[in-house]
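Quick note on labels: first sequence line is chain A, next is B, and so on, each numbered from 1.
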There are 2 protein chains.
Amino acid sequence: MSERKVTSLDVARRAGVSQSAVSRVFSGASASPKTISKVRKAAEHLGYRPNPLARAMITGKSKIIGLVVAYLDNQFYPLALERLSNSLQDHGYHVLVFMAPNDQEAVEKVVHDLMDYQVAGIITASVGMTNDLTQRCANAGIPVVMFNRGQDGGGISSVTSANVAGGGRIADFLVAGGHKRIAHIAGWEGSSTGRDRARGFVDGLAAHDMEPMAVIDGYFDREIAAQATRDIMSGPRPADAIFVGNDHMAFAVMDTLRGEMGLSVPDDVSVVGYDDVPLAAWAAYDLTTLRQPLNRMVEATVDTLLGQITDPERPSQKIEIEGPLILRASAKIPKGYTK
Amino acid sequence: MSERKVTSLDVARRAGVSQSAVSRVFSGASASPKTISKVRKAAEHLGYRPNPLARAMITGKSKIIGLVVAYLDNQFYPLALERLSNSLQDHGYHVLVFMAPNDQEAVEKVVHDLMDYQVAGIITASVGMTNDLTQRCANAGIPVVMFNRGQDGGGISSVTSANVAGGGRIADFLVAGGHKRIAHIAGWEGSSTGRDRARGFVDGLAAHDMEPMAVIDGYFDREIAAQATRDIMSGPRPADAIFVGNDHMAFAVMDTLRGEMGLSVPDDVSVVGYDDVPLAAWAAYDLTTLRQPLNRMVEATVDTLLGQITDPERPSQKIEIEGPLILRASAKIPKGYTK
DNA sequence: TAAATGCGTGCAAACGTATGCAAGGAGTCT
DNA sequence: AGACTCCTTGCATACGTTTGCACGCATTTA
């Protein structure tokens, strides 16, 4: 029972001004230097802090950002969550977490919850049912930014890495490595990320007059990726290189190749991933992968979202950020490529 | 601009009752069946949903749980976050994320933010500055549950696994495996979790008239654990077994042993971890480890917290949950132990 | 039958802030 | 010097809900 609630009215009385004056000082509206100083002093003395809930009720917008996220077992997303939360905290916002729903009914509930809390904005990180969810929130006038997912249609902002270009760079890299039978275990085809990487990759091979030996949808799932690996490698003419749609699956692929099939990476087969999660750098995998520049992606996401909150008229943006190919030991390094 | 805000007053008018009647129906207070049905029908027709912010303002308690979390790179915590969020969502609560601060000043800010949002309760997951933070929130009358951390002092609830017992079980296991020079790279000594596991382990060895060859604080940090590994293994008489304070460090230890020192696990040295994160089961590590039963820990945490929210008089609880030792390939399996 | 009991309901006052409006004061321009 | 503009300030209201209070009505008890 230490501190009792102290309100703007208490501050006003002590400072000898009206409650509205206090409100104006703390909401950044105009006020004379003298008033500001009186109010600040009184507020500090009393330990006053504006009540964000009351504020939200009046303005209709809370300082809360809804973060809708699907999986947390792919290391990329916890890190994104961490960075996003930190960055938003620096800007005076906080992150309310929503685990992304699987069925339609749950989507309904999440959308409602988001609106109930009058979130100022929404970030969706790799959500399956993006279309429905984001569209409805955007229609309700809530700024939405899709993180690590794009969308062709409506005017919804998104921040991704340059997935098509990245896929192409990996194609170049594997061709330069002298690989002849190159397979692709793709990210989920239902996601722009999966599609774009696959497209860039296939087009990249085509530029060298080559075709992928196989393209299999791995659904961003370890088990499915493992099965795809078995399918690809068990025939009479197995692949000599595999581009995997993200690191998370790539680890499963390497586990399957080495642990289960007794193959050597990269001697028997090169493996390349996408993301460059920290785990990719660990000795057990040492995975060659295309880095998604997490910090810059987070920065762009926060900038875009806050911009759209500040100015609702601002048009939506689709931001793509280039990342470098990180050369490690899981894939043959062609001449001319250097660590 | 689809749906306009619909308030309890709108519902009241349509149902032909007073606004308070509507409130009572939705807040579970007493009302006649007839009123309830009228109100529900009107509410459904209008698509009414009570405004949680307004509710919070009046009652002084929001349906928000503050989750203070330090690191998200140890896979254990993202999963805990996921499960906690899901479980709390099922109970009508939502999770507001706070990244745990490093310096004193930031703690101050987090504490204030938590109180500003009038969170109904707080869960701290492996936070360093727990004492300060939790004590102050608890003093303010906000229920706090520490997840995966205990505290000897004050009356703050905590949920952990049976760390002392677990450390002991691992001692028994390694002794049974015939190991003679057993080292421990401990969890951070500043955490109850780290201390308890170390104590259980050392006491367990003592019961066999043995002493650890070395006990080094790894601070739950990969790099520090790696350096400890070098220290332990580079002398004339290296360890033949290492118990590592959590899986996250154990992976670094294995990376160092195999990748850097060219040693074989478990032929040259057995490694045992603690947590059983999903990664521990992957072929690249196949880590023998003591499982922390995440689901049950989450369940206990939510139960305890909600219980304390419902009944503020309820005394604090310190819950310990036993987990099994998961036998895999990173440590010699003694006779009598079976997968 | 009169009094006592109980539940269901409406009224009105909160909760803590933002903001339109009008009034006051200081400063500028003609 | 007077009129005009601009900035500051206080008053009062609104945001959407919960809840204490009092009243009405139906039911029970003596």
Is [X] near enough to [N] that one of its side-chain N or O atoms lies under 4.0 angstrom from OP1 or OP2?
X	N	result
A:S18	D:dC11	no
A:S30	D:dT8	yes
B:S32	C:dC7	no

Using a heavy-atom cut-off of under 4.0 Å over every strand shown, decide if A:S23 touches base, sugar-phosphate, or nothing.
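Base contact - A:S23 has a heavy atom under 4.0 Å of at least one base atom.
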
Test item: A:S87 side-chain N/O and A:R83 main-chain N/O as donor-acceptor pair under 3.5 Å
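No, the answer is negative, given that no donor and acceptor are paired below the 3.5 Å cut-off.
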
Would a line drawn from the ring center of B:Y71 to the ring center of B:F220 be shorter than 6.0 Å?
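Judged by ring-centre distance (under 6.0 Å), B:Y71 and B:F220 do not meet the cut-off.
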
Looking at residues 55-63 of chain A, who's got a heavy atom less than 4.0 Å off DNA chain C?
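Residues of residues 55-63 of chain A under 4.0 Å from DNA chain C: A:R55, A:I58, A:T59.
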
Can you confirm whether more than 12 heavy atoms, excluding those of B:K41, are under 6.0 Å from its NZ atom?
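Atom NZ in B:K41 is not crowded, with 12 or fewer foreign heavy atoms closer than 6.0 Å.
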
Name the pairs: protein N/O against N/O of nucleotides 22-26 of chain C, kept only if under 3.5 Å.
none

Nearest-Å distance, [atom1] ([X]) to [atom2] ([N])?
X	N	atom1	atom2	result
B:M115	C:dG16	CE	P	13 Å
B:F26	D:dT17	CZ	C1'	13 Å
B:Q19	C:dT9	CD	C1'	13 Å

Output one line per pair: protein atom, nucleotide atom from nucleotides 20-25 of chain D, and distance, for all N/O pairs under 3.5 Å.
none

What residues, two or more places apart in sequence or in another chain, satisfy side chain to side chain donor-acceptor pair (under 3.5 Å) together with A:Q75?
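Here no residue qualifies.
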
Are A:E108 and A:R136 within salt-bridge range, i.e. N to O under 4.0 Å?
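Counted as a salt bridge, because a side-chain N and a carboxylate O are separated by less than 4.0 Å.
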
For A:R14, is there an ion pair with A:D10 - N to carboxylate O distance below 4.0 angstrom?
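A:R14 and A:D10: not salt-bridged.
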
With side chain to side chain donor-acceptor pair (under 3.5 Å) as the rule and sequence neighbours excluded, what pairs involving residues 20-40 of chain B come up?
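Residue pairs with at least one partner in residues 20-40 of chain B: B:S18-B:S20, B:S32-B:T35.
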
For B:V144, run the side chain to side chain contact (heavy atoms under 4.5 Å, CB included) check against B:N139, B:T304, B:L305, B:T134 and tell me which one passes.
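Answer after filtering B:N139, B:T304, B:L305, B:T134: B:T134.
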
Taking only residues two or more places apart in sequence, or in another chain, which ones meet A:D303 in a salt bridge (charged side-chain N to carboxylate O under 4.0 Å, His left out)?
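Not a single residue meets the salt bridge (charged side-chain N to carboxylate O under 4.0 Å, His left out) criterion with A:D303.
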
What are the two closest heavy atoms between A:S316 and A:G155, and how far apart are they?
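Shortest heavy-atom contact: CB-O, 3.1 Å.
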
Evaluate the ring planes of B:H94 and A:Y117, with Trp represented by its six-membered ring, and classify them as parallel (under 30°), tilted (30 to 60°) or perpendicular (over 60°).
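The rings of B:H94 and A:Y117 stand perpendicular, inter-plane angle above 60°.
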
Using heavy-atom distances to pick each residue's nearest nucleotide on DNA chain C, tell me which of A:A21 and B:V17 is more 5'.
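In this pair, the answer is B:V17.
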
